[in-house]
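Heads up, the thing below is written out as structure tokens.
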Amino acid sequence: MTRPCKEMYLFLLQPLCAQDPVVQEQVRKSILTLGNQQPDKVLSMCQDYLLKHPKLVVGHRVVILQTIELVVKSRIDDISYPKIKSVIQLASDEMTKSKEVVPEWQQAASNILVAVGNKYINDIMEEILGKFQPGVLPHFFVVQTLANLSDSNVYGMVPFLNAIMGTMLPMLGMTKQDNMKWVFSSALCRFSESILEYLANLDKAPDPTVRKDTFSSEIYSAYDILFNSWIQSRESKLRLTVAEALGSMSHLMAHDKLEEQLPKLLPTILGLYKKNSEHYIITKSLCQVLEASVNMGSRVLETQIDGLLLALHQQICSPVDFSNPPTVKNHNEVLRCFTILANTFPDRLMVFVLQRLENSNERNRMGSLAVLRHLINSSTSIMETKKLLILASIRQPLADHSNKVKKRVVQVISAMAHHGYLELEGGDLLVRFIIQHCALPDTYHRPPDPEEVTNEALRSMCDNTLHLFTTTVGRLTDVLWPMLLCYLTPNQYASATTPLCKSLILLANKKRAAQEASFIINFNAQGVDTHTYGHDVTDEPSPRLRAFPLSDLKTPWNHTFCLLGSVSFLYRCIGVILQQCYNKELVRKQLQEILISTRHNDAIERTGVAMGIGLCASSHLNGTLEKLEEFGKSDAFRKASGIFGLLKDKNDVDVEKMKSTLILCYGYVALHAPEDQLLTRIDSDILQNISKNFNTKVKHIVTPLYILWFKSIIVVQKYSSYWLSSGQDHERERAVKTTAELLQFYLDNLSVKNLVTFHNLGALVGRLSPRCTDPNPEVRRAAIDCIYRLMYIQLRYEGTDCFFIAQLGLTVFLKLTLFLPLHSLCLQQLSTLLFMLFDGLVDSQSNCSRASSVILNTLLKNRGAGLQDLVPEMLEVLHNRLQVIGEEQVKVAIGQSILILATQHLQTVVNTLVAYPLPYDSWSCEMWMALGADSTLALQIMEMIIEKLNVMVPYVDKKESMLRPGLTKVATSQPLAMTCALREMMLNGQSADAVAYVFPKLFSSLLVRLGSSVGVQLPKDLNSNSIISDCKTTNKMNVINFDVCGVAVEALRILLGRAQLDAVMKPLDQEGAWDKMKDPQQHTTGVTLAMAKHAGPRLPAIVEGLCPSLCNIYECQRITVTAFFSELLNHHVVTELMILDMLMNNMMERITDTCGTVRMLAVRGLGNIAVGSPEKVNKYAKELLAAMSSGMEEKDDPGKLITLEAMSGMSKILLLENSVLASMGFLLLYGFTQRSIVMFCQENDEIRCASIMLLGNLSKFGSGEPVFKDQIHNVLVSLLLHLSDPNPQVVKACKYSMRICAPIVGSEQISAMFQNHLLEEKGLHYGEFINDLTKYLIQDFPGMLNFYHITVIQFFKSNWAEIRASAAMFIGKNNNNIYFF
């Protein structure tokens, strides 16, 4: 570098350190400009300047370091490698020069390393790892730099992370300062995120073989420290960083570890909400944990769902401050949590959210609506089946008075519109809500709360939403047209006229441009019912409508209404308005004006008037009939009477046309009148007035009379259902004959111009067809006539030539059950027919009830496949009918009906029956038993239930009382219900083939279910989710007798019986094993003894089915399966069936189980191999002895049960002659005798007995070993004293062991004494025996006497008086004999 250049750079560097920030910025730009041209020279000058001014103030050093970073970032490709190395060294030294943390200075140096690391990662890591040594806490910014590098260069850093974390883990335990804990936590978070990004983009990664489990072990070790220690810190910032790290790390943890930690991790994260005001980081961490849990298919997550939903709902209800980004981010993360839960628990989440909508609290309701809107938009496929439920639940918020809530409701409606909700039933209410709020008045008093939503803002929002529906949601076009037309006239929507008209114009133009047929609305066409669009209005119509003179309907300008159909449409509109009007006087006046001003010669107008008056009659029947009668008696009808009437002017009103109008009005009144009021008025007020005006000149208006007559048929049928099934013959006969006459009249006068559906066919056929088998011949004959006429009417409606039907004769009924269902009935007719036939099942005449069942089953076979939506309702009706049916043949037929439905809709039937209230009543049990009648179907159901039982949560832990510590196991309803279902199905003898086929799976599933039920209580809200609302409260006596474990035991017992395993059942019954299974203390005994002996070839499949449960998170299931396997190893059948290896491997794995009971049972099973398969002991000898030795040294064994089993198992193994045992026996013997004295003094009789027996069995390996001779003498005194043990079994064990040990003692006289006097079944004179023995001890082992005395003295403190007395006797006899010697 030339001297002038060097001086220029130095000249620039000096003002760079100036105090004035403006000067600094200008100089920095100049240096960067030079740096872009000559980066090496500029970097050299900066580096030299820092080295020559070591005492430069921190602020100036920071500015120069920041300049170096900018040059490196912009020209790293042009900087020479030697310069890169020197820059790395400079930055590293600057970063770690001060041991104290100086954030601004050290961060600037760290940023240089990160910038260089984007290209030269290996050089950077070489430098950084030199300052990141094992066993020494690194500098704060060394760790921070590693974290930032993993962010900026993912692909370069991830290969180093395994080694970095391996070095870091020991440091975590050494860390005491909060700032170091913070930086380590932050680094672990960044490392985890980098690994996840690397794994997500393996196709771009330099090493595609990297796997998640590469890091799982280190991640879990770090998690253990962070979760169990650091997250409890008092420092809020540290807690949040640890929580963030835990969230990222959860994705990398092994599945079993995460599953194990979830019950502790989730409550801990939720608890942080109360400790920290900043919630975004907590929610982000929770979201990551939930995502990781769902991705691995966690089963524990379901047990935490209630607490999660409550906490998340509290967060979503918190107000969002849009000026504060963290609150906005927290809101979005909470919604993301709801999305994750919706994908896994859609039903529980929807029930929770919709229940919260019922809460009138403004904040709660707004939060729930926000969740609902988000789920509708983000989880479209999941919400598809919930649409009708959401539509029903959204009605409550519609009535909320808060504008804030209304704003959220509008947002939800907008989301629903884009996903097809508004086209469904109930969607019109949401459209009405929008239009209502387009008509909101102005807010006269401005709210003091700036967040309050004014009427103007809400109205504008609704205007825009309606416009949005019209322009962008194409699927709503046919919904809004013509619906919006009906909102133009009611008074309360007057202020919404502008947005309504704008939308109508857009809709009309769109339809006209597309030349859609629906553009022109013919309101006279059949199927267009203005009543559908009727809405609640005030007592009076719109002032604009009231001001509109009806006489103007005759003026030429009425062509302007051609878009709406005709003048007839306006009369119908008036009818709808009057229908909703409550002012009776106003209704009478309007009816009077309509009748007087009508142009009776115009057929279209005459029909429109009649329709309008008919619609009005649906709400004002009495007033309408009075006004029609008054009109019929008015002067207008007498005006042209008499002889002078022959000379009447042609312009006068034709009286006959007026009569036609009046009769038409009566016809439409009958059509629309309420059925419960019509019956009493037909004869006196309608038919009588029609007959007065009816003559041959008015035949063209007879069609409405057909409607009237047919309406009479429906009403008569409705109120004659009692008579049709009456026990009195004459009542049934009159009812059926009356119906036949009405049908004949209707048929004779029926003229169908357009093909339509005969909607009431199903109801009529359902009522009448069972009567075709009535015991009364007259009833049968009249019923068959009714069916004839109904079929004729149906054919007329279908436009079919019905001449051929007359040829059917008496066979018509026999073909009815095939002809009608297959070729004639639409879905509505079919469903009505079915439910009428359900009523026929309880007919008073047994012949008729049986006929109903035959027709019903024929219908279901042929058409049942299309009735899925009706299945739950049909099953409920059948359940109700079973309760009152006494005819056995009909009950059998109902069972057949259930079978048919299950064949067609298996999943729906099973789900419905499972949801019936528990305990199942006798009728529910009959329905389940019916499903067992078909072995193929039963097999499918059993496999379905088994699959669900294997994955469902069997119980949840709940705190029973705040006053009592600990948790109570409470059963979950669905698995309990499925167990009951299996029990009932297997009670049907015809299920035997299915049971035999699926027996191994069924046995395995029920055995695991049994283990999950021991000690489990019924939930207090047992039937809260029952689909039968009337049965949600169950008989208390039934619940008292309902036992969770008892259900599983009973199901298992029935399974064994149905599988014809009497050899298994008999010993279980004799030993009371069923009661033991229900007792938590005796559960593991008695379950498997008979199965092992008699199950035979089924055992391999059973064992295979049970193996996965050994790794289950539920201890109770692992205990049950381990107990089963342990007992199997006690029998040689496992070797014969070649499942010994599988069982042994499983037992070896279980000896490290976290549950002590499981470990104890595993040790027992390993010992049992010596009994069940002794020839295989040599193969597993080393593993067995190691397991037994480990069991005897078990520290986490409060009751010493594992130790006891280990000693018992060791004794069983040592009884066998085995070369491997011979080589290891001495070592085992030496190790055991060191601990045996402690074992001999245990309070537990069984442990003392087992330890003494084991000593005897081990002693046979000590022959000829002087070391073991010393060991025997060490325990000899203890054995001698326990010959007087209070427990007889311990005494026998002592005699046995001492006889076995005798040859090793080293004295022929003592050995002879032991062999001759210590026989198990013979008594022993203890005093004489000790007296003689001490003589031999003094004689043969004089050097051991002092040791014997010291040992005996310790027994003076024994818990047993017998032992203390024996110790005193030993000392006395020994001292006495020493005196004589």
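Residues Ser1173 and Val1134 come closest through the heavy atom pair OG-CG2, 4.1 Å. The two residues Asp1141 and Lys1179 have their closest heavy-atom pair at OD1-NZ, 3.2 Å. Taking all atoms of both residues into account, the shortest heavy-atom contact from Glu302 to Arg348 is CG-NH1, 3.2 Å. The two residues Gly766 and Met836 come nearest to each other via the heavy atoms CA-CB, 3.5 Å. Shown here for Leu1137 and Pro1100, the closest heavy-atom pair between the two residues is CD1-CD, 3.9 Å. Across all their heavy atoms, Ser849 and Ser846 have their closest contact at OG-O, 2.8 Å.
Residues passing the side chain to side chain contact (heavy atoms under 4.5 Å, CB included) test with Asp957, sequence neighbours excluded: Tyr955, Leu967, Lys969. With sequence neighbours excluded, the residues satisfying side chain to side chain contact (heavy atoms under 4.5 Å, CB included) with Asn847 are Thr773, Arg850. Under the ring-ring contact (aromatic ring centres under 6.0 Å, His included) criterion, Phe345 pairs with no residue, sequence neighbours left out.
In this structure, Met1147 CE and Leu1129 CG are separated by 6.5 Å, a value rounded to the nearest 0.5 Å. Taken to the nearest 0.5 Å, the CG atom of Leu949 stands 9.5 Å off from the OG atom of Ser1012. The OG1 atom of Thr1154 sits 5.5 Å away from the CD atom of Glu1115 when rounded to the nearest 0.5 Å. Separation of atoms CG (Leu856) and CG (Leu878) is listed at 7.0 Å; rounding is to 0.5 Å. For the atom pair CE of Met927 and CD1 of Ile898, the computed distance is 4.0 Å after rounding to the nearest 0.5 Å.
The number of heavy atoms from other shown groups lying within 6.0 Å of NZ (Lys1176) does not exceed 12. Surrounding CD of Glu1136 are more than 12 heavy atoms belonging to other residues, nucleotides or ligands, all under 6.0 Å away.
Between the side chain of Ser1109 and the main chain of Arg1118, no donor-acceptor pair closer than 3.5 Å is present. Remark: side-chain polar atoms of Arg1150 are paired, donor with acceptor, to backbone N or O of Leu1110 under 3.5 angstrom. A donor-acceptor pair is defined here as one N or O able to donate and one able to accept, closer than 3.5 Å; no such pair exists between the side chain of Arg1058 and the backbone of Ala992. Of the possible donor and acceptor atoms, one in the side chain of Ser298 sits under 3.5 Å from a partner among the backbone N and O of Val300. Side-chain atoms of Ser1013 do not come within 3.5 Å of backbone N or O of Cys1045 as any donor-acceptor pair. Of the possible polar contacts, one joining the Ser897 side chain to the Ala893 backbone as a donor-acceptor pair under 3.5 Å is found. For Gln974 (side chain) and Val914 (main-chain N/O), no donor-acceptor pair under 3.5 Å exists by modelled atom type.
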Name the atoms and distances for all side-chain donor-acceptor pairs under 3.5 Å in residues 934-942, with sequence neighbours left out.
residue	atom	partner	partner atom	Å
Asp934	OD1	Thr936	N	3.0
Asp934	OD1	Leu937	N	3.2

Side-chain donor-acceptor pairs under 3.5 Å in residues 902-910, sequence neighbours left out?
residue	atom	partner	partner atom	Å
Thr903	OG1	Leu899	O	2.8
Gln904	NE2	Leu860	O	2.8
His905	NE2	Gly864	O	2.7
Gln907	NE2	Asn911	OD1	3.0
Thr908	OG1	Gln868	NE2	3.2

Donor-acceptor list for residues 993-1006 side chains, cut-off 3.5 Å, not counting sequence neighbours:
residue	atom	partner	partner atom	Å
Ser1004	OG	Pro1000	O	2.8
Ser1004	OG	Ile1102	O	3.2

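In summary, of the residues considered (Val1008, Thr1120, Val953), a side-chain contact (heavy atoms from CB on, under 4.5 Å) with Tyr1114 occurs for Val953 alone. Exactly one of Trp928, Phe838, Tyr916, Tyr920 qualifies for a ring pair (Phe, Tyr, Trp, His ring centres under 6.0 Å) with His879. That residue is Tyr916.
Side-chain contact annotation: Thr979 with Arg1009, donor-acceptor N/O pair under 3.5 Å present. Side chain to side chain, Asn1112 and Gln1117 meet the donor-acceptor criterion of an N or O pair below 3.5 Å.
Residues Lys1078 and Asp1043 are not paired through a salt bridge, judged by the lack of any N-O separation under 4.0 Å between the basic side chain and the carboxylate.
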